[in-house]
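As structure tokens, the structure follows; a few thoughts come after it.
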Amino acid sequence: MGGGASCASKGDGLAAGKVAEFDKNTSMKEVKLEDGKSILVVKTDSGFYAVGSKCTHYGAPLIKGNVSNGQIRCPWHGACFNLANGDIEQFPGFDSLPSYPCKVKGGTVYVYRTSEPGQSIIRPLCKMSKSSPVVVIIGSGASAVMCAQTLRQEQFPGRIVLVTKDKMLPYDRPKLSKAPGSKWDEIKLRDPDFFHRYDIEIMLDSPVSKVRFPDRTVVVDDGKDTQLVYDKLLIASGLRPRSYGPVIPGGDLKNIITLYNMEDASQIASQAAGKDVLICGSSFIAMELATSLKSKANQVNIIGRSRSPYGIVLGPSTGKAILNHLLEGPDGNKVRYWGIDEVKSFEGNDKNEVVKAFTMKKKAFDAQLVILAIGAIPNTDFLEDTPIRLNQQDGAVCVNKFLETSVKDVYAAGDVTQFPTEFSAKGRASICHWGIATHHGKLAAQNMLGKEMTVHQIVPFFWTAVAGVNVRYAGYGEGHSDTAIFGSLESMEFCTLYRRSNKTLGIATVGCDPLAAQMADELQTGIKYKNEYPITVLKRFPKPPVVGE
């Protein structure tokens, strides 16, 4: 797909290579610079473009990504950047790529350095110039931060206040299960100076107790009965993990915890050392925790309702292959998975600490630390008995195509929402995904300013890591009727298509980047496949798939 090239200068331009070198098989090249940095040069049907070579999210090499419709998509996590100007257009991430002019002279492509290469670009933001109007944002995740950033980039001059029950400035919450011992500096979304410089107030350790919509007031449970009057409100309060509590005997014992914030992650990392750990659930979070804790714990037992991890999301064969990889890897002998089962009760000691768990199948497990990864529910308790319309099934906030709620000037974004999407057969869905949450934050800010931007049909792009293997998922496979598995499950180089009526809804890939990025672009453009399976997949895996499940 691409290659590297050392640059030679001619005037102010850097020679990236001959035009003839950019053929159909080599549409991208990295131009290496003297300081070790690089610029990515891309050829498309409309000409040559030059942008930063690393994704602004976590530094993935974009030369391994996919080019489509004037964008380049990150191979790791699916962020998309406009090749013409470097702007980030699909997420995760908050920053754009540097962009450089290109010219063709005498059959050679030249790049002109207009800024320091290899760095991310933050589009200009303004500061507060007057105290009103006021935007209050409930939450501090991706939606909240992107909303505040976009308001300032759109030159909103009023007051912006983020209200969060978290005790720390915004951070990358999905990293907590992958690396529960992470420090804030390692996963921060922005430096403290960013919020100070652009006059974005953050009220930490300040849960919202209620919102009085008639008088546009947010009531904060901060011990001071603080009340914030807003002109526009964004609800981006996210999800909270389910817990057992008093539902099952012993469910409220000590050392039975959920993973919600950095304090929880720190407790998990410190208490797991040398202990018998029990993880309840077979979700992505459960498996990521098992991966991160197996080298520290004495034993890690996972109890899940499905026969293999990930249940109906990835399918039994894909889940089993990933589980086998975990069990066969380093310290894999310290992990056991117990499927088609769930905890019935817990037993404690005289210190009210959990010591044992009993299951429906009458199994008993020693456990000095129990981690619940049994799903999550929207943080909308403070919206009960208000005019805000909530989904009856799970309490998510229902929004229209502009992300506006049933109350004027009140918007909602991210995991807490149920929003219109063509990727769901039902026409609406709650898609709890970091990239979509970030997109929602930008869109909500634009609509607060009267731009009437509708929810883009962005293909969800999800990722997880288990024992050194990266699993990427593009699409929305809810309600799929069958799967088609290409490649080798044993060698961990395969993809699984999730289909309904021969239509591909989503794809999971292991060991075959950038296939997920390529398929995300195809799903995004709504390609109608002439064959039974996508050509992109058949080129990567020419042998017939295993069909079923």
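When D215, T217, V220 are each tested for a side-chain contact (heavy atoms from CB on, under 4.5 Å) with Q227, only one passes: T217. Checking each of L523, I431, T421 against P460 for a side-chain contact (heavy atoms from CB on, under 4.5 Å) leaves exactly one that passes, namely I431.
A distance-only check finds no donor-acceptor pair linking the side chain of D205 to the backbone of K167 [under 3.5 Å]. A donor-acceptor pair is defined here as one N or O able to donate and one able to accept, closer than 3.5 Å; such a pair exists between the side chain of Y498 and the backbone of L314. A donor-acceptor pair under 3.5 Å links the side-chain atoms of R500 to the main chain of E478, judged by distance alone. A donor-acceptor distance shorter than 3.5 angstrom exists from the side chain of S237 to the backbone of N379, with no hydrogens or angles considered. Side chain of T380 to backbone of G395: a donor-acceptor contact under 3.5 angstrom is found. Proximity of a side-chain donor or acceptor of R428 to a complementary backbone N or O of V399 within less than 3.5 Å is detected. Side-chain N or O atoms of Q155 include one that pairs as donor or acceptor with a backbone N or O of Q153 at under 3.5 Å. Using a distance-only test at 3.5 Å, with no hydrogens or angles considered, a donor-acceptor pair links the side chain of D341 to the main chain of M360. Looking at D521, its side chain never comes within 3.5 Å of a backbone N or O of S68 through a donor-acceptor pair.
Taking the six-membered ring for Trp and thresholds of 30 and 60 degrees, W463 and H77 have ring planes inclined between 30 and 60 degrees apart.
Within a 6.0 Å sphere centred on CG of L323, heavy atoms belonging to other residues, nucleotides or ligands number more than 12.
A salt bridge is defined here as a Lys NZ or Arg NE, NH1 or NH2 lying under 4.0 Å from an Asp or Glu carboxylate O, and E493 with R540 meets this definition. Checked for salt-bridge contact, K175 and E186 miss the test: no charged N lies under 4.0 Å from a carboxylate O. Of the charged side-chain nitrogens involved, at least one lies within less than 4.0 Å of a carboxylate oxygen, so that R240 and D381 count as a salt-bridged pair. Checked for salt-bridge contact, R190 and D95 meet the test: a charged N lies under 4.0 Å from a carboxylate O.
One finds the CZ atom of F423 at 5.5 Å from the CD atom of Q524 (value rounded to the nearest 0.5 Å). Atoms CZ and NZ, on F284 and K178 in that order, are 10.0 Å from each other to the nearest 0.5 Å. Here the straight-line distance linking atom OG of S143 with atom CG of D415 works out to 7.0 Å at 0.5 Å rounding.
For the residue pair Q446 and T150, no side-chain donor N or O sits within less than 3.5 Å of a side-chain acceptor on the partner.
Residues V343 and L278 have side chains in contact (heavy-atom distance under 4.5 Å, counting atoms from C-beta outward).
In this structure, R159 is not positioned above the aromatic face of Y230 in the sense of NZ or CZ being under 6.0 Å from the six-membered ring centre and within 45° of the axis.
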